[in-house]
Participant: 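Pasting a structure here, questions to come.
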Amino acid sequence: MLNQVISNAIKYKKEEAEISFCARCEKNEILLEIRDNGIGISPKDLPRITDKGYTGTTGRNYQKSTGMGLYLCKKLCSKLQLSFYIESKEEEYTKVTIGFPRNSMIFLNEE
């Protein structure tokens with residue numbers, strides 16, 4: 001999943017590409033956020049980008065886009081009982097968030 005998200009960030013980058021990673025704790029899950037400063041996703045495409053085979057306006061401009069990467073990420077997250085969210089603003093950023101349920105984790109106490 002991370003490979004796909006990072007590959008997309010590189011594929012749809014702007015000149016001064018940046019990718020950042022952030023983890024934060026919420027009440028019921030640990031969230032991993034991967035954010036880029038790329039070309040973003042249009043608001044009309046955003047609801048469908050995890051649909052099987054959907055490439056959207058931007059994807060059709062790139063020959064290597066199959067519409068399968070984010071579909072498979074979402075499908076895998078579902079099977080692993082992880083949450084998967086995508087937020088984007090065209091020409092500014094895309095942020096992918098994967099949520100890991102806290103109730104399925106083992107935490108080690110530092111002593």
Participant: If you look at every heavy atom in Ser88 and Gly40, which pair is closest and at what distance?
Facilitator: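 The pair with the smallest heavy-atom distance is OG-CA, 3.3 Å.
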Participant: Do Ile34 and Lys95 come within less than 4.5 Å of each other through their side chains, counting heavy atoms only?
Facilitator: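 Of all side-chain heavy-atom pairs linking Lys95 with Ile34, none is under 4.5 Å.
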Participant: Could you give the distance from CD1 (Ile98) to SG (Cys73), rounded to the nearest 0.5 Å?
Facilitator: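 So the gap between those two atoms works out to 7.0 Å.
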Participant: Looking only at heavy atoms, which two atoms of Leu32 and Phe100 are closest? And how far apart?
Facilitator: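 So the two residues come closest at CB-CE1, 4.1 Å.
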Participant: Is the closest side-chain heavy-atom distance between Leu70 and Asn8 below 4.5 Å?
Facilitator: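 A side-chain contact exists here, since the closest heavy-atom pair is under 4.5 Å.
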Participant: Decide yes or no for Asn28 and Pro101: does some side-chain heavy atom of the first lie under 4.5 Å from some side-chain heavy atom of the second?
Facilitator: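 No; the side chains remain at least 4.5 Å from each other.
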Participant: May I ask you to check whether over 12 heavy atoms, not counting those of Gln81, lie within 6.0 Å of atom CD?
Facilitator: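 Counting neighbours around CD of Gln81, 12 or fewer heavy atoms of other residues, nucleotides or ligands fall under 6.0 Å, so no.
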Participant: What are the two closest heavy atoms between Pro47 and Lys44, and how far apart are they?
Facilitator: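 Scanning both residues, the minimum pair turns out to be CD-O, 3.6 Å.
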Participant: To the nearest 0.5 Å, what is the distance between CE on Met1 and NZ on Lys75?
Facilitator: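 Met1 atom CE to Lys75 atom NZ measures 14.5 Å (nearest 0.5 Å).
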Participant: Quick one: are Glu90 and Ile41 in side-chain contact, heavy atoms under 4.5 Å?
Facilitator: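 With C-beta onward as the side chain, the pair stays apart.
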Participant: When clusters are formed by joining ILVMFWY residues with side-chain heavy atoms under 4.5 Å apart, either directly or through shared neighbours, do Tyr85 and Ile6 land in the same one?
Facilitator: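 No, separate clusters.
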Participant: Any side-chain heavy atom of Tyr12 within less than 4.5 Å of one from Thr94?
Facilitator: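 They are not in side-chain contact.
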Participant: Tyr54 versus Ser65: any side-chain heavy-atom pair under 4.5 Å?
Facilitator: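 In short, these two side chains do not touch, never coming nearer than 4.5 Å.
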Participant: If hydrophobic clusters are built from ILVMFWY residues whose side chains come within less than 4.5 Å, do Leu76 and Leu82 share one?
Facilitator: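 Yes.
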Participant: Closest heavy-atom contact between Glu26 and Arg102?
Facilitator: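 Closest pair (atom of Glu26, atom of Arg102, distance): O-CD, 3.2 Å.
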Participant: To the nearest 0.5 Å, tell me how far Lys11 NZ sits from Ile39 CD1.
Facilitator: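 Rounded to the nearest 0.5 Å, the NZ-CD1 separation comes out at 10.5 Å.
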Participant: Between atom NZ of Lys74 and atom NZ of Lys52, what is the distance when rounded to the nearest 0.5 Å?
Facilitator: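 Spacing of NZ (Lys74) from NZ (Lys52) equals 15.5 Å.
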Participant: How long is the gap from CG on Leu72 to CD on Gln4, to the nearest 0.5 Å?
Facilitator: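 If I round to the nearest 0.5 Å, the distance is 7.5 Å.
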Participant: Please answer: with hydrophobic residues joined when any side-chain heavy atoms are less than 4.5 Å apart, are Leu31 and Tyr93 in the same cluster?
Facilitator: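 The answer is no; the residues belong to distinct hydrophobic clusters.
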Participant: Mind checking whether Ile86 and Thr97 have side chains closer than 4.5 Å, heavy atoms only?
Facilitator: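 Side chain of Ile86 against side chain of Thr97, heavy atoms only: no contact under 4.5 Å found.
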Participant: Could you report the tightest heavy-atom contact between Glu18 and Asn37, atom names first, then the distance?
Facilitator: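 What the structure gives for the nearest pair is N-OD1, 2.8 Å.
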Participant: For a side-chain hydrogen bond (donor to acceptor under 3.5 Å, both in side chains) check, start with the C-alpha distance between Glu29 and Ser83, then their side-chain angles and the critical distance, and finish with the verdict.
Facilitator: CA-CA 9 Å; Glu29 58 187 348; Ser83 60; 3.0 Å; yes
Participant: Nearest 0.5 Å, please: how far is OG1 in Thr50 from CZ in Phe84?
Facilitator: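 So the CZ of Phe84 and the OG1 of Thr50 are separated by 7.5 Å.
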Participant: Determine whether a donor-acceptor pair (N or O, by modelled atom type, separation under 3.5 Å) exists between the side chain of Ser7 and the backbone of Asn3.
Facilitator: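 Yes; judged by distance alone, with no hydrogens or angles, the pair exists.
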Participant: So Ile10 and Ile19, do their side chains get closer than 4.5 Å, heavy atoms only?
Facilitator: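 Result yes, sub-4.5 Å side-chain heavy-atom pair found.
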Participant: Between Glu16 and Lys14, is the closest basic N to carboxylate O distance under 4.0 Å?
Facilitator: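 No salt bridge links Lys14 with Glu16.
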Participant: At their closest point, which heavy atom of Gly67 faces which heavy atom of Thr55, and how far apart are they?
Facilitator: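 Reported closest heavy-atom pair: N-CG2, 3.6 Å.
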